[in-house]
Protein chains: 2
Amino acid sequence: MIATATGTRIATVEREDLGAQFARVTRVLIDAERPLLDARELSMWGYIVLSALATGDADTQLALSERIGYDKTRLIGLLDQLQLQGLVEREPDPADRRARRVRLTAAGRARYKAAREDVHAMEDALLARLDDAERRALHSALASLSSRGRRESSGTG
Amino acid sequence: MIATATGTRIATVEREDLGAQFARVTRVLIDAERPLLDARELSMWGYIVLSALATGDADTQLALSERIGYDKTRLIGLLDQLQLQGLVEREPDPADRRARRVRLTAAGRARYKAAREDVHAMEDALLARLDDAERRALHSALASLSSRGRRESSGTG
DNA sequence: TATTGTTATACTCTATAACTATA
DNA sequence: TATAGTTATAGAGTATAACAATA
(Lines give C-alpha, C1' and ligand atoms only; values in the text may rest on other atoms or scores of the structure.)
Protein backbone atom coordinates (compact mmCIF):
# COMPACT_ATOMS: atom_id res chain seq x y z
CA MET A 1 0.00 0.00 0.00
CA ILE A 2 1.28 3.42 -0.87
CA ALA A 3 1.26 5.67 2.16
CA THR A 4 2.48 9.11 2.97
CA ALA A 5 2.53 11.76 5.62
CA THR A 6 -0.98 11.95 6.98
CA GLY A 7 -1.40 14.75 9.45
CA THR A 8 1.54 16.97 8.70
CA ARG A 9 1.74 18.72 5.39
CA ILE A 10 4.91 18.03 3.47
CA ALA A 11 6.99 21.16 3.27
CA THR A 12 8.16 20.95 -0.30
CA VAL A 13 7.63 22.66 -3.59
CA GLU A 14 7.47 19.28 -5.31
CA ARG A 15 4.12 17.75 -6.10
CA GLU A 16 2.99 14.77 -4.09
CA ASP A 17 2.89 11.37 -5.74
CA LEU A 18 -0.47 10.67 -7.30
CA GLY A 19 -0.33 7.11 -6.05
CA ALA A 20 0.12 8.32 -2.48
CA GLN A 21 -2.88 10.61 -2.82
CA PHE A 22 -5.11 7.92 -4.24
CA ALA A 23 -3.95 5.42 -1.65
CA ARG A 24 -4.77 7.86 1.11
CA VAL A 25 -8.29 8.50 -0.17
CA THR A 26 -8.79 4.77 -0.64
CA ARG A 27 -7.77 4.23 2.95
CA VAL A 28 -10.17 6.93 4.12
CA LEU A 29 -12.97 5.18 2.23
CA ILE A 30 -12.08 1.73 3.55
CA ASP A 31 -11.80 3.00 7.11
CA ALA A 32 -15.21 4.63 6.78
CA GLU A 33 -16.71 1.55 5.15
CA ARG A 34 -15.47 -1.10 7.52
CA PRO A 35 -17.59 -0.19 10.59
CA LEU A 36 -20.67 0.00 8.36
CA LEU A 37 -20.04 -3.52 7.06
CA ASP A 38 -19.14 -4.77 10.53
CA ALA A 39 -22.53 -3.60 11.75
CA ARG A 40 -24.11 -5.75 9.01
CA GLU A 41 -21.82 -8.67 9.83
CA LEU A 42 -20.19 -8.53 6.43
CA SER A 43 -16.50 -8.65 5.60
CA MET A 44 -15.15 -6.46 2.81
CA TRP A 45 -14.85 -9.43 0.48
CA GLY A 46 -18.23 -10.72 1.59
CA TYR A 47 -19.73 -7.41 0.58
CA ILE A 48 -17.93 -7.58 -2.76
CA VAL A 49 -19.28 -11.07 -3.40
CA LEU A 50 -22.83 -10.03 -2.57
CA SER A 51 -22.40 -7.00 -4.80
CA ALA A 52 -21.24 -9.15 -7.71
CA LEU A 53 -24.08 -11.64 -7.22
CA ALA A 54 -26.62 -8.83 -6.96
CA THR A 55 -25.75 -7.56 -10.40
CA GLY A 56 -24.80 -10.62 -12.47
CA ASP A 57 -26.64 -13.53 -10.96
CA ALA A 58 -26.04 -17.27 -11.00
CA ASP A 59 -22.32 -17.29 -11.58
CA THR A 60 -20.27 -20.40 -11.23
CA GLN A 61 -17.67 -20.20 -8.46
CA LEU A 62 -14.77 -19.94 -10.87
CA ALA A 63 -16.45 -17.23 -12.93
CA LEU A 64 -17.26 -15.35 -9.75
CA SER A 65 -13.67 -15.67 -8.55
CA GLU A 66 -12.29 -14.25 -11.79
CA ARG A 67 -14.89 -11.53 -11.94
CA ILE A 68 -14.10 -10.02 -8.56
CA GLY A 69 -10.36 -10.75 -8.71
CA TYR A 70 -10.37 -13.03 -5.67
CA ASP A 71 -8.47 -16.29 -5.52
CA LYS A 72 -10.74 -19.27 -6.21
CA THR A 73 -9.34 -21.26 -3.29
CA ARG A 74 -10.06 -18.47 -0.83
CA LEU A 75 -13.50 -17.90 -2.29
CA ILE A 76 -14.53 -21.32 -1.00
CA GLY A 77 -14.25 -20.48 2.68
CA LEU A 78 -15.86 -17.14 2.08
CA LEU A 79 -18.84 -18.75 0.35
CA ASP A 80 -19.06 -21.35 3.13
CA GLN A 81 -19.44 -18.55 5.63
CA LEU A 82 -21.93 -16.59 3.55
CA GLN A 83 -23.93 -19.80 3.09
CA LEU A 84 -23.87 -20.43 6.84
CA GLN A 85 -25.22 -16.91 7.28
CA GLY A 86 -27.99 -17.82 4.85
CA LEU A 87 -26.98 -15.08 2.43
CA VAL A 88 -26.05 -17.21 -0.58
CA GLU A 89 -26.89 -20.69 -1.81
CA ARG A 90 -24.99 -23.08 -4.05
CA GLU A 91 -26.48 -25.62 -6.41
CA PRO A 92 -24.84 -27.96 -8.89
CA ASP A 93 -24.78 -26.69 -12.43
CA PRO A 94 -27.17 -28.92 -14.40
CA ALA A 95 -25.05 -28.46 -17.51
CA ASP A 96 -21.73 -29.37 -15.83
CA ARG A 97 -21.85 -31.40 -12.68
CA ARG A 98 -18.34 -30.37 -11.70
CA ALA A 99 -19.43 -26.76 -11.32
CA ARG A 100 -21.63 -25.12 -8.71
CA ARG A 101 -23.73 -22.05 -9.34
CA VAL A 102 -23.92 -19.42 -6.63
CA ARG A 103 -26.77 -17.01 -6.07
CA LEU A 104 -28.16 -14.67 -3.47
CA THR A 105 -30.93 -15.78 -1.16
CA ALA A 106 -33.70 -13.32 -0.36
CA ALA A 107 -31.92 -12.63 2.91
CA GLY A 108 -28.68 -12.06 1.05
CA ARG A 109 -30.28 -9.59 -1.30
CA ALA A 110 -31.84 -7.71 1.62
CA ARG A 111 -28.58 -7.68 3.55
CA TYR A 112 -26.70 -6.39 0.54
CA LYS A 113 -29.27 -3.70 -0.13
CA ALA A 114 -29.09 -2.46 3.45
CA ALA A 115 -25.29 -2.44 3.49
CA ARG A 116 -25.10 -0.71 0.14
CA GLU A 117 -27.42 2.03 1.34
CA ASP A 118 -25.20 2.61 4.36
CA VAL A 119 -22.14 2.76 2.15
CA HIS A 120 -23.74 5.11 -0.32
CA ALA A 121 -24.90 7.42 2.45
CA MET A 122 -21.36 7.57 3.77
CA GLU A 123 -20.05 8.29 0.27
CA ASP A 124 -22.63 11.02 -0.24
CA ALA A 125 -21.49 12.69 2.96
CA LEU A 126 -17.91 12.61 1.72
CA LEU A 127 -18.80 13.84 -1.75
CA ALA A 128 -20.73 16.72 -0.24
CA ARG A 129 -17.36 18.37 0.29
CA LEU A 130 -17.07 18.80 -3.48
CA ASP A 131 -18.93 21.16 -5.73
CA ASP A 132 -20.82 19.91 -8.77
CA ALA A 133 -18.01 20.48 -11.24
CA GLU A 134 -15.53 18.69 -9.02
CA ARG A 135 -17.86 15.75 -8.57
CA ARG A 136 -18.46 15.38 -12.28
CA ALA A 137 -14.75 15.69 -13.05
CA LEU A 138 -13.89 13.20 -10.35
CA HIS A 139 -16.24 10.58 -11.73
CA SER A 140 -15.00 10.99 -15.26
CA ALA A 141 -11.39 10.98 -14.06
CA LEU A 142 -11.97 7.79 -12.08
CA ALA A 143 -13.43 6.14 -15.14
CA SER A 144 -10.53 7.26 -17.33
CA LEU A 145 -7.84 6.16 -14.92
CA SER A 146 -9.32 2.84 -13.90
CA SER A 147 -8.07 0.99 -16.95
CA ARG A 148 -4.40 0.50 -17.54
CA GLY A 149 -3.12 1.58 -20.93
CA ARG A 150 -3.59 -1.22 -23.44
CA ARG A 151 -0.59 -0.27 -25.54
CA GLU A 152 2.09 -1.61 -23.21
CA SER A 153 0.80 -5.17 -22.96
CA SER A 154 4.08 -6.90 -23.83
CA GLY A 155 6.56 -4.51 -22.28
CA THR A 156 9.04 -4.89 -19.46
CA GLY A 157 6.39 -4.70 -16.79
CA MET B 1 -8.59 -4.11 -0.42
CA ILE B 2 -11.82 -3.18 -2.15
CA ALA B 3 -12.05 -4.84 -5.53
CA THR B 4 -14.67 -5.17 -8.20
CA ALA B 5 -15.31 -6.42 -11.67
CA THR B 6 -12.29 -5.47 -13.73
CA GLY B 7 -12.73 -6.47 -17.32
CA THR B 8 -16.45 -6.91 -17.65
CA ARG B 9 -18.73 -3.96 -17.19
CA ILE B 10 -21.37 -4.40 -14.53
CA ALA B 11 -24.81 -4.47 -16.11
CA THR B 12 -26.71 -2.40 -13.63
CA VAL B 13 -28.40 0.94 -13.35
CA GLU B 14 -26.99 1.40 -9.88
CA ARG B 15 -23.87 3.46 -9.37
CA GLU B 16 -20.67 1.68 -8.54
CA ASP B 17 -19.22 2.01 -5.06
CA LEU B 18 -16.82 4.91 -4.80
CA GLY B 19 -14.48 2.81 -2.71
CA ALA B 20 -14.30 0.18 -5.43
CA GLN B 21 -13.47 2.81 -8.02
CA PHE B 22 -10.75 4.39 -5.92
CA ALA B 23 -9.32 1.01 -5.03
CA ARG B 24 -9.15 0.08 -8.70
CA VAL B 25 -7.32 3.27 -9.68
CA THR B 26 -4.98 2.85 -6.72
CA ARG B 27 -4.20 -0.65 -7.91
CA VAL B 28 -3.55 0.60 -11.44
CA LEU B 29 -1.11 3.14 -10.03
CA ILE B 30 0.63 0.61 -7.79
CA ASP B 31 0.92 -1.91 -10.62
CA ALA B 32 2.42 0.78 -12.83
CA GLU B 33 4.75 1.98 -10.09
CA ARG B 34 6.15 -1.34 -8.94
CA PRO B 35 8.24 -2.21 -12.02
CA LEU B 36 9.70 1.30 -11.98
CA LEU B 37 10.77 0.90 -8.36
CA ASP B 38 11.99 -2.64 -9.00
CA ALA B 39 14.29 -1.27 -11.68
CA ARG B 40 15.75 1.08 -9.06
CA GLU B 41 15.96 -1.73 -6.51
CA LEU B 42 13.50 -0.02 -4.21
CA SER B 43 10.51 -1.53 -2.45
CA MET B 44 7.32 0.48 -2.16
CA TRP B 45 7.99 1.18 1.51
CA GLY B 46 11.63 1.91 0.75
CA TYR B 47 10.54 4.53 -1.73
CA ILE B 48 8.14 5.99 0.83
CA VAL B 49 10.91 6.23 3.41
CA LEU B 50 13.26 7.93 0.96
CA SER B 51 10.46 10.28 0.01
CA ALA B 52 9.82 11.21 3.63
CA LEU B 53 13.51 11.73 4.33
CA ALA B 54 13.93 13.82 1.19
CA THR B 55 11.36 16.33 2.38
CA GLY B 56 11.69 16.45 6.18
CA ASP B 57 15.23 15.47 6.97
CA ALA B 58 16.90 14.05 10.06
CA ASP B 59 13.90 12.37 11.64
CA THR B 60 14.26 10.01 14.53
CA GLN B 61 13.15 6.46 13.74
CA LEU B 62 10.01 6.73 15.82
CA ALA B 63 9.03 10.06 14.30
CA LEU B 64 9.64 8.65 10.83
CA SER B 65 7.56 5.58 11.62
CA GLU B 66 4.62 7.68 12.77
CA ARG B 67 4.97 10.09 9.89
CA ILE B 68 4.68 7.49 7.15
CA GLY B 69 2.25 5.24 9.02
CA TYR B 70 4.58 2.25 9.13
CA ASP B 71 5.07 0.08 12.21
CA LYS B 72 8.20 1.06 14.13
CA THR B 73 9.29 -2.55 14.56
CA ARG B 74 9.11 -3.23 10.83
CA LEU B 75 10.83 0.02 10.01
CA ILE B 76 14.01 -1.35 11.59
CA GLY B 77 14.57 -4.09 9.04
CA LEU B 78 13.66 -1.74 6.23
CA LEU B 79 16.22 0.82 7.42
CA ASP B 80 18.81 -1.95 7.84
CA GLN B 81 18.35 -2.82 4.18
CA LEU B 82 18.40 0.79 2.99
CA GLN B 83 21.55 1.33 5.03
CA LEU B 84 23.15 -1.76 3.49
CA GLN B 85 22.31 -0.28 0.10
CA GLY B 86 24.09 2.89 1.19
CA LEU B 87 20.95 4.99 0.75
CA VAL B 88 20.43 6.13 4.34
CA GLU B 89 22.60 6.52 7.40
CA ARG B 90 21.79 6.44 11.10
CA GLU B 91 23.52 8.38 13.83
CA PRO B 92 22.78 8.66 17.53
CA ASP B 93 20.77 11.71 18.48
CA PRO B 94 23.15 13.96 20.47
CA ALA B 95 20.21 15.30 22.48
CA ASP B 96 18.81 11.86 23.40
CA ARG B 97 21.13 8.91 23.26
CA ARG B 98 18.28 6.43 23.11
CA ALA B 99 17.20 7.79 19.75
CA ARG B 100 18.83 7.51 16.33
CA ARG B 101 18.44 10.08 13.60
CA VAL B 102 18.02 8.89 10.04
CA ARG B 103 18.95 10.80 6.93
CA LEU B 104 19.58 10.28 3.26
CA THR B 105 23.08 9.79 1.93
CA ALA B 106 24.02 11.49 -1.31
CA ALA B 107 23.43 8.17 -3.05
CA GLY B 108 20.04 7.91 -1.38
CA ARG B 109 19.05 11.35 -2.54
CA ALA B 110 20.15 10.57 -6.09
CA ARG B 111 18.35 7.23 -6.09
CA TYR B 112 15.17 8.84 -4.81
CA LYS B 113 15.35 11.63 -7.37
CA ALA B 114 15.71 9.13 -10.22
CA ALA B 115 12.88 6.95 -8.99
CA ARG B 116 10.62 9.92 -8.42
CA GLU B 117 11.22 11.12 -11.97
CA ASP B 118 10.24 7.72 -13.33
CA VAL B 119 7.11 7.71 -11.21
CA HIS B 120 6.14 11.22 -12.21
CA ALA B 121 6.64 10.45 -15.89
CA MET B 122 4.34 7.46 -15.52
CA GLU B 123 1.78 9.59 -13.74
CA ASP B 124 1.98 12.26 -16.42
CA ALA B 125 1.27 9.65 -19.07
CA LEU B 126 -1.79 8.53 -17.13
CA LEU B 127 -3.01 12.06 -16.48
CA ALA B 128 -2.67 12.86 -20.18
CA ARG B 129 -5.98 11.05 -20.58
CA LEU B 130 -7.70 13.91 -18.76
CA ASP B 131 -8.32 17.41 -19.98
CA ASP B 132 -7.15 20.44 -18.01
CA ALA B 133 -10.41 21.02 -16.18
CA GLU B 134 -10.62 17.37 -15.16
CA ARG B 135 -7.05 17.38 -13.90
CA ARG B 136 -7.57 20.48 -11.82
CA ALA B 137 -10.83 19.16 -10.39
CA LEU B 138 -9.24 15.79 -9.67
CA HIS B 139 -6.42 17.35 -7.66
CA SER B 140 -8.74 19.52 -5.64
CA ALA B 141 -11.10 16.57 -5.11
CA LEU B 142 -8.22 14.38 -3.92
CA ALA B 143 -7.18 17.06 -1.47
CA SER B 144 -10.72 17.44 -0.16
CA LEU B 145 -11.30 13.73 0.27
CA SER B 146 -7.96 12.77 1.75
CA SER B 147 -8.86 13.87 5.27
CA ARG B 148 -11.51 12.08 7.24
CA GLY B 149 -14.24 14.27 8.68
CA ARG B 150 -13.12 15.70 11.99
CA ARG B 151 -16.62 15.91 13.41
CA GLU B 152 -17.11 12.22 14.18
CA SER B 153 -14.00 11.72 16.28
CA SER B 154 -15.71 9.97 19.22
CA GLY B 155 -18.37 7.97 17.42
CA THR B 156 -19.01 4.25 17.21
CA GLY B 157 -16.29 3.66 14.67
C1' DT C 1 8.73 4.84 35.86
C1' DA C 2 8.55 5.94 30.86
C1' DT C 3 10.55 5.85 26.21
C1' DT C 4 13.67 4.44 21.88
C1' DG C 5 15.29 0.99 19.48
C1' DT C 6 15.37 -3.86 19.12
C1' DT C 7 14.12 -8.88 18.96
C1' DA C 8 10.90 -12.62 19.11
C1' DT C 9 6.40 -14.31 18.40
C1' DA C 10 1.76 -14.86 16.69
C1' DC C 11 -1.77 -13.76 13.59
C1' DT C 12 -3.86 -12.49 9.06
C1' DC C 13 -3.85 -12.44 4.29
C1' DT C 14 -2.34 -14.42 0.14
C1' DA C 15 -0.24 -17.73 -3.28
C1' DT C 16 0.97 -22.46 -4.70
C1' DA C 17 0.57 -27.38 -4.98
C1' DA C 18 -1.96 -31.52 -4.76
C1' DC C 19 -6.36 -34.30 -4.59
C1' DT C 20 -11.56 -35.71 -6.24
C1' DA C 21 -14.98 -35.95 -9.36
C1' DT C 22 -16.43 -34.95 -13.43
C1' DA C 23 -15.78 -33.69 -18.51
C1' DT D 1 -6.10 -35.09 -20.67
C1' DA D 2 -8.13 -31.18 -18.86
C1' DT D 3 -11.21 -28.54 -15.66
C1' DA D 4 -14.28 -27.10 -11.15
C1' DG D 5 -14.16 -27.41 -6.67
C1' DT D 6 -11.68 -28.58 -2.59
C1' DT D 7 -7.92 -29.18 0.86
C1' DA D 8 -3.36 -28.55 2.73
C1' DT D 9 0.76 -26.07 2.97
C1' DA D 10 3.98 -22.36 2.61
C1' DG D 11 4.96 -17.55 2.23
C1' DA D 12 4.46 -12.46 2.75
C1' DG D 13 2.76 -8.85 5.45
C1' DT D 14 1.28 -7.13 9.84
C1' DA D 15 0.49 -6.59 14.83
C1' DT D 16 1.71 -7.59 19.71
C1' DA D 17 4.75 -8.63 23.59
C1' DA D 18 9.01 -8.47 25.87
C1' DC D 19 13.90 -6.80 26.57
C1' DA D 20 18.24 -3.48 26.95
C1' DA D 21 19.80 1.15 27.15
C1' DT D 22 18.70 5.66 28.36
C1' DA D 23 15.75 9.44 30.01
Side-chain angles (χ1 to χ4, degrees), chain A residues 1-4 6 19 23 26-27 30-31 33-34 37-38 41-49 52-53 56 58-84 88-103, chain B residues 1-4 6 19 23-24 26-27 30-31 33-34 37-38 41-49 52-53 58-84 88-103:
Chain A
M1 173 81 67
I2 301 178
T4 182
T6 53
T26 301
R27 168 164 296 206
I30 290 179
D31 288 349
E33 203 163 315
R34 205 180 302 274
L37 297 182
D38 283 350
E41 292 183 51
L42 288 174
S43 67
M44 193 70 78
W45 280 113
Y47 176 69
I48 291 166
V49 163
L53 292 178
D59 277 306
T60 186
Q61 288 188 199
L62 189 60
L64 179 60
S65 148
E66 288 165 352
R67 192 167 143 212
I68 66 177
Y70 195 62
D71 197 86
K72 70 165 186 170
T73 67
R74 287 191 291 145
L75 182 61
I76 294 163
L78 180 55
L79 289 177
D80 288 346
Q81 183 194 331
L82 291 172
Q83 195 166 11
L84 262 175
V88 307
E89 55 191 5
R90 287 188 269 198
E91 61 180 5
D93 185 337
D96 182 345
R97 284 192 301 180
R98 292 173 304 180
R100 304 174 76 179
R101 300 205 154 269
V102 191
R103 65 177 167 206
Chain B
M1 173 79 70
I2 302 179
T4 182
T6 53
R24 186 139 27 86
T26 301
R27 168 164 297 206
I30 290 179
D31 288 349
E33 203 162 313
R34 205 180 302 274
L37 297 183
D38 283 350
E41 292 184 50
L42 288 175
S43 68
M44 193 70 76
W45 281 112
Y47 176 69
I48 291 166
V49 164
L53 292 178
D59 277 306
T60 186
Q61 288 188 198
L62 189 61
L64 179 59
S65 148
E66 288 165 353
R67 192 166 145 214
I68 66 177
Y70 195 61
D71 197 85
K72 72 164 184 170
T73 66
R74 301 188 341 150
L75 182 60
I76 294 164
L78 181 55
L79 289 177
D80 287 346
Q81 183 194 331
L82 290 172
Q83 197 166 10
L84 262 175
V88 307
E89 55 191 6
R90 288 186 269 199
E91 61 180 5
D93 184 337
D96 182 346
R97 283 192 302 181
R98 292 173 304 180
R100 304 175 75 180
R101 300 204 154 270
V102 191
R103 66 177 167 206

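Residue numbers begin at 1 in each chain, while the letters A, B, ... track the order of the sequences. Just so you know, these numbers use all the heavy atoms, side chains as well, and skip hydrogens, waters and symmetry mates.
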Give the rounded distance in Å between these two atoms: [atom1] of [X] and [atom2] of [N].
X: B:Arg98; N: D:dT22; atom1: CZ; atom2: P; value: 11 Å
X: B:Leu78; N: D:dT14; atom1: CG; atom2: C1'; value: 14 Å
X: B:Ile30; N: C:dT14; atom1: CD1; atom2: P; value: 13 Å
X: A:Arg100; N: D:dT6; atom1: CZ; atom2: C1'; value: 10 Å
X: A:Lys72; N: C:dA15; atom1: NZ; atom2: P; value: 14 Å
X: A:Leu79; N: D:dA4; atom1: CG; atom2: P; value: 15 Å
X: A:Gln61; N: C:dT22; atom1: CD; atom2: P; value: 15 Å
X: A:Asp93; N: D:dA4; atom1: CG; atom2: P; value: 11 Å

On a heavy-atom basis, which atom in [X] and which in [Y] lie closest, and how many Å separate them?
X: A:Glu89; Y: A:Gln83; answer: CA-NE2, 4.3 Å
X: A:Ala52; Y: A:Leu64; answer: CB-CD1, 3.8 Å
X: A:Trp45; Y: A:Ile68; answer: CZ3-O, 3.7 Å

Looking at the side chain of [X], which of [options] is the nearest nucleotide?
X: B:Tyr70; options: D:dG5, C:dA21, D:dT14; answer: D:dT14
X: B:Asp96; options: C:dG5, D:dT22, D:dG5; answer: D:dT22
X: A:Asp71; options: D:dG5, C:dT16, D:dT22; answer: C:dT16

Check: D:dT16 base within 3.5 Å donor-acceptor of B:Thr73 side chain: yes
Between A:Arg97 and C:dA21, is there a side-chain N or O to OP1/OP2 distance below 4.0 Å? no
When you measure from the side-chain N and O atoms of A:Arg90 to the phosphate of D:dT6, is any distance below 4.0 Å, counting only OP1 and OP2? yes
B:Ile30 and B:Thr26, any side-chain heavy atoms less than 4.5 Å apart: yes
Would you check if A:Val49 and A:Tyr70 make a side-chain contact, meaning some heavy-atom pair closer than 4.5 Å? no
So what does A:Leu62 hit on the nucleic acid, given a heavy-atom distance under 4.0 Å: a base, only sugar-phosphate, or nothing? sugar-phosphate
A:Asp59 and side chain to side chain donor-acceptor pair (under 3.5 Å): which partner among A:Arg103, A:Arg67, A:Arg100? A:Arg67
Helix axis bend for the helix from C:dT1-D:dA23 to C:dA23-D:dT1 - C1'-based end axes, five pairs, 10° rounding: 10°
Going by side chain to side chain contact (heavy atoms under 4.5 Å, CB included), B:Arg90 matches just one of B:Val102, B:Leu82, B:Thr60. Which one? B:Val102
Of B:Arg74 and A:Asp80, whose closest DNA chain D nucleotide lies nearer the 5' terminus? A:Asp80
